[in-house]
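Below is one structure, written out as structure tokens, with a few remarks after it.
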Amino acid sequence: MKPIRIHVAKPGWFSTVQDLGRYGYQQYGVPVAGAMDHYATIIANRLVGNRDNAAVLELTLKGPELDFEGDAHIAITGADLSPTIGGKSVPLWEGIEVSSGSRLCFGTAQRGARSYLAISGGIDVPLILGSRSTHCASETGGFKGRPLRRGDLLHTEQLRQSTEVSMGKRLPDQLIPCYEKSVRIRFIPGPQHNLFPATALTTLTNTSYTVTPESNRMGYRLTGPRIVRKGSEHFISDGTATGALQIPADGQPILLMADRQTTGGYPKIGCVITADLPLTAQLAPGDTITFSLTTLAKAQTTLLEQRALLDVALPQRRNFHKD
Amino acid sequence: MPRSNPLRRTRRISKESFRLVPLGDSAVTVEFGDEIDPLINARVVTFANTVVDQRWKGILDVVATYRSVTIHFDALRWKSSTLATRLKKLPRPSSTGISSGGSLHSIPVLYGGEWGPDLTDLATFAGLTPTETILLHTSIRYRVYMLGFSPGFPYLGLVPERLAMPRLSTPRTKVPAGSVGIADRQTGIYPSSTPGGWRLIGRTPIPLYRKTDSNPFLLKPGELVQFHSIDRATFDRLAGEYERAND
């Protein structure tokens, strides 16, 4: 496919360019950022013949309206934001062709919170510190370090291989996640779980926590039964991870997500397993989480199984040049 | 005879060892101690460098903090337990034979006025004049304990007790880039304009983070920083020079 241009007619509520994250600079305090839902991102890219790490658009809760200048292959995955072209509904989890002059319109989220739009070739924005991801708080990467605005013009990269092999492909139904308003999310005990009484883990797992409106790509502020520490000794900031459950002084957990700071001063009682981060990424304010405890070994197995199934259904394209 | 209480949980880690704790299934934290201490931090920095030097595939980031190293890995390539075993086999940095720090950066600061709006409050807190406060702040070679909060933000210490003023109770929504602040026994520099609650005492014209540079960050953990006071004319001249260099 030739590179094409995409005009942003309406930007949507919060639409950013993301890849799988900016690694290699956390020791300098640079947040990883990247797509919140890696699973949906990788699938969208594979459906259009892109490498897994190609830049996609992450569309949040209310999607944009985009005018295509040039024929393209696209795939939309993740949340259902009711995409249409010319009034006709566009299927999700499937590689489709879009002809030049089409307007792709998204509505509001029916299920899930974040939709991913991959375009053959990938969105062409400069590589900043090795990544095309947008980190809005530090105005780093993506399209001018910010969410899309009306009138922005996006370009795609030249796809280095024909997309023939992947076109018309659809993800098998059994691999399509089901987004619910209440989800069960697995976690393992965090590095500071012993700063909390044994009952804290029980509290965390016995009731559900609600995602509050003060939640964003940096983290979800949750509300539910308070988690109280044993003592009050000062905790010295250390490294954080995506999925870490921090407990600040008010006892209401903060679940760290893609744009998290690299270090943090709140103790981490638990960490959501990587295999469950995609489901977590699809939560909207008002949705609820029931946490369940698992083990490190199970967390690892679950992730490997999840990826093995995907690799069978939709293999990763090989022999791409490294950027 | 010192009294020992068998019920008191000992969290202290012996001088030559470390403790590995999983940080989820894609990261592990190696803890070297429970306090802010230059010797502990020196071991942290040495160990972080050792891990990086292994050039293991699938290691995504090695983050040195005050007292621990967090290693982020690709969980599709590494089992947490395998990585733990490999980490335990690496040479253990000891607190002896470690030099006092890395290279020394001399950082010019225009103190007070609109550049350091909290300098007079800090002086009052310390029971000093603003001039004495500046003298005390510039008298120390600070260690870069870690970088965090925002890209390139250095946590420097330790600030003399007398200047250890706590954070503002309500953080500012916008702190100008280059601002030098104090929070308890830490001092730091805001590389870019962000919200922030540290007491601002001055501003440096030197950029700490240049996105498009091949070497974007001025400071690394383990390095040393000493501030020196400059006047308005020098600030403007240096700011102009860095702006031109960045064009």
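A note on names: the letters A, B, ... follow the listed sequences, proteins ahead of strands, and every chain is numbered from 1.
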* Minimum side-chain heavy-atom gap Tyr28(A)-Tyr209(B) below 4.5 Å -> no
* To do: Look at atom OH of Tyr266(A) and say whether more than 12 heavy atoms of other residues, nucleotides or ligands are closer to it than 6.0 Å.
  => no
* Contact part of Ser192(B) toward chain A, heavy-atom cut-off under 4.5 Å: side chain, backbone, both or neither? -> neither
* **Residue among Thr295(A), Val272(A), Leu296(A) satisfying side chain to side chain contact (heavy atoms under 4.5 Å, CB included) with Asp25(B)** => Leu296(A)
* Contact class of Val21(B) relative to chain A, heavy atoms under 4.5 angstrom -> side chain
* Which bit of Ile188(A) is near chain B, if near means a heavy-atom gap under 4.5 Å: side chain, backbone, both or neither? -> side chain
* Asked: Given that the side chain runs from C-beta out, which part of Thr240(A) has a heavy atom under 4.5 Å from chain B: side chain, backbone, both or neither?
  -> backbone
* Ile236(A) to Asp34(B) - nearest heavy-atom pair and separation -> CD1-O, 3.2 Å
* **Winner by heavy-atom pair count (cut-off under 4.5 Å) against chain A, out of Ser80(B), Ser193(B), Pro191(B), Pro216(B)** => Ser80(B)
* Measure across Leu147(B) and Thr263(A) and return the closest heavy-atom pair with its distance rounded to 0.1 Å. => O-CG2, 4.0 Å
* To do: Provide the closest heavy-atom pair for Arg260(A) versus His72(B) in the form atom of the first, atom of the second, distance.
  => NH2-CE1, 3.8 Å
* Asked: So, the side chain of Gln261(A) versus the backbone of Ser150(B): is there a donor-acceptor pair under 3.5 Å, distance only?
  -> no
* Asked: Hey, are the side chains of Ser237(A) and Met146(B) touching, using non-hydrogen atoms and a 4.5 Å cut-off?
  -> yes
* **Heavy atoms from other residues, nucleotides or ligands near CD of Gln54(B) exceed 12 (cutoff 6.0 Å)** => yes
* Measure from the side-chain N and O atoms of Asp238(A) to the backbone N and O of Tyr66(B), and report whether any donor-acceptor pair falls under 3.5 Å. => no
* Start with the C-alpha distance between Tyr25(A) and Val63(B), add both sets of side-chain angles, then the distance that settles side chain to side chain contact (heavy atoms under 4.5 Å, CB included), and finish with yes or no. => CA-CA 9 Å; Tyr25(A) 297 92; Val63(B) 186; over 6 Å; no
* Leu219(B), part contacting chain A, at a heavy-atom distance under 4.5 Å -> backbone
* How long is the span from the CD1 atom in Ile71(B) to the CD atom in Gln26(A), to the nearest 0.5 Å? -> 12.0 Å
* Asked: If you take all heavy atoms of Gln27(A) and Val62(B), which pair is closest and at what distance?
  -> CB-O, 3.3 Å
* Asked: Nearest heavy-atom pair of Gly148(B) and Thr262(A): which atoms, and what distance?
  -> CA-OG1, 3.8 Å
* Arg146(A), CZ atom: more than 12 neighbouring heavy atoms under 6.0 Å -> yes
* Asked: Measuring heavy-atom distances to chain B, does Phe187(A) have an atom under 4.5 Å in its side chain, in its backbone, in both, or in neither?
  -> neither
* Asked: chain A: which of Asp61(B), Val28(B), Thr70(B) shares the most heavy-atom pairs with it under 4.5 Å?
  -> Asp61(B)
* Is there a side-chain hydrogen bond (donor to acceptor under 3.5 Å, both in side chains) between Ser26(B) and Thr274(A) once you walk through the steps? -> CA-CA 7 Å; Ser26(B) 302; Thr274(A) 304; 2.8 Å; yes
* Structure fact -> Checked Gly239(A), Gly190(A), Gly21(A) vs chain B; the most non-hydrogen pairs under 4.5 Å come from Gly239(A)
* Structure fact -> Nearest heavy-atom contact between Pro22(B) and Pro191(A) is O-CD, 3.7 Å
* **CG on Leu304(A) to NZ on Lys79(B), rounded to 0.5 Å** => 9.0 Å
